Amino acid sequence: MKNESLSKEEFKEKLCKEASNKNINLSDEQLEKLYQYKELLVEWNEKINLTAITDDYGIIVKHFIDCLECTKVIKNEETFIDVGTGAGFPGLVLAIFYPNKEFTLLDALNKRLIFLEEVINKLNIKNVKIIHGRAEEIVRINNLYQSFDASVSRAVAQLPILLEYTSPYVKVGGKCIVMKGDNVEEEIKLSNNALNILNLKINDKYEYSYTIDNEVYNRVILCVEKCDDTNTRYPRNYGQIKKKPL
Ligand code: SAM
């Protein structure tokens, strides 16, 4: 299965099947957009470092299906910020799934955002905005305090640091959606102080797994509710966050 190169029809068929195994239904239009996204990802990855996963089946399962698992915890939220989106995971995949919700993709690395601009232009995606900069700075520079119903993020930072980056963007009553591997319990133990100071509460832990070549990957999505305003002292600057995580 690994490293298998699929034709366009085979790719879409496999993606559709893997999604429906997870009770996620993808339309023809969504399958076509995800296929084109994959083509651009592989093409651009030869010039700039976007992903270590380059085989078709890996992209289907470890990127697309993995990101689509967030749909299990997304309810009525309409506006999202993906903090540390990289090559668009999970934010761009979710924007393709939810054409009527609004997604802002934020990253500190501009070359990845140039790739994302190309994808949204070529695929004619209308519900995505892109912002270049560091999460802990952009929230003030662009005046985005408490502006989104939810944040989403995958593979960006340890939980206490990530919550300081993301929760200031989220409205009171909204949530930080955090995609993590199976060592999440350790990170949760380290996050008590961050949860208190940032007025957050872990409401839900959605666990899932996928298997590739007999290897099982256990994953968790945390839903962290924002219970009250963020003190405007937060986020602190990068030096302070790194030196003394909450
Ligand atoms: N979320 C993507 C994924 O799961 O494939 C990318 C993960 S990559 C390991 C981490 C990304 O987060 C990088 O693109 C990096 O530039 C970005 N990042 C890390 N810290 C950041 C910060 N403070 N503000 C904005 N982007 C950040």
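Counting starts at 1 for both ligands and their atoms, following the listed order. Throughout, residue positions are numbered sequentially from 1 according to the sequence presented. Please read these numbers as outputs of a predicted model, since none were measured by experiment.
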Give the atoms of ligand 1, by number and element, whose distance to some non-hydrogen atom of [X] is under 4.0 Å.
{"X": "Gly86", "value": "6 (C), 14 (O)"}
{"X": "Gly133", "value": "24 (N), 25 (C)"}
{"X": "Gly84", "value": "1 (N), 2 (C), 6 (C), 11 (C), 12 (O), 17 (C), 26 (N)"}

> Does Lys38 count as lying over the ring of Phe11, i.e. NZ or CZ under 6.0 Å from the six-ring centre, within 45 degrees of the axis?
Replying inline: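 Yes, Lys38 lies over the aromatic ring of Phe11.
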> Once the angle between the rings of Tyr206 and Tyr208 is folded into 0 to 90°, is it parallel (under 30°), tilted (30 to 60°) or perpendicular (over 60°)?
Replying inline: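 Rings of Tyr206 and Tyr208: parallel, as their planes differ by under 30°.
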> Parallel, tilted or perpendicular: which fits the ring planes of Tyr169 and Phe148, with parallel below 30° and perpendicular above 60°?
Replying inline: tilted
Which residue owns the protein heavy atom closest to [atom], what's the atom, and how far is it?
{"atom": "atom 19 (C) of ligand 1", "value": "Val156 CG1, 3.8 Å"}
{"atom": "atom 7 (C) of ligand 1", "value": "Ala155 O, 3.4 Å"}
{"atom": "atom 24 (N) of ligand 1", "value": "Ala135 N, 2.8 Å"}

>> My understanding is that we take every heavy atom of each candidate and find the minimum distance to atom 15 (C) of ligand 1. Doing that for Val139, Leu109, Asp107, which one comes out nearest?
In response: Asp107
>> I'd like the name of whichever of Arg134, His132, Arg112, Met179 reaches closest to atom 22 (C) of ligand 1 through any heavy atom.
In response: Arg134
For ligand 1, indicate whether the residue [X] contacts it via side chain, backbone, both or neither (heavy-atom separation under 4.0 Å).
{"X": "Thr85", "answer": "backbone"}
{"X": "Glu136", "answer": "side chain"}
{"X": "Tyr165", "answer": "side chain"}

> Are the side chain of Arg112 and the backbone of Ile48 linked by a donor-acceptor contact shorter than 3.5 Å?
Replying inline: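 Side chain of Arg112 to backbone of Ile48: no pair is present.
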>> Quick check against the 3.5 Å criterion: does Gln30 have a side-chain atom that pairs as donor or acceptor with the backbone of Phe97?
In response: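 Looks like yes, one N/O pair under 3.5 Å.
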Does [X] reach ligand 1 with a nitrogen or oxygen that is under 3.5 Å from one of the ligand's nitrogen or oxygen atoms?
{"X": "Arg154", "answer": "yes"}
{"X": "Pro90", "answer": "no"}
{"X": "Ala108", "answer": "yes"}

> Do Asn199 and Thr230 have side chains that get closer than 4.5 Å, going by heavy atoms?
Replying inline: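 No, too far: nothing below the 4.5 Å cut-off.
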>> With a 6.0 Å cut-off (strictly less than), is the heavy-atom count around CG of Asn143, excluding the residue itself, greater than 12?
In response: no
> With a cut-off of 6.0 Å (strictly less than), are more than 12 heavy atoms of other residues, nucleotides or ligands near NZ of Lys242?
Replying inline: no
>> For Tyr37 together with Phe89, are the ring centres under 6.0 Å from each other?
In response: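 That pair passes the under 6.0 Å test.
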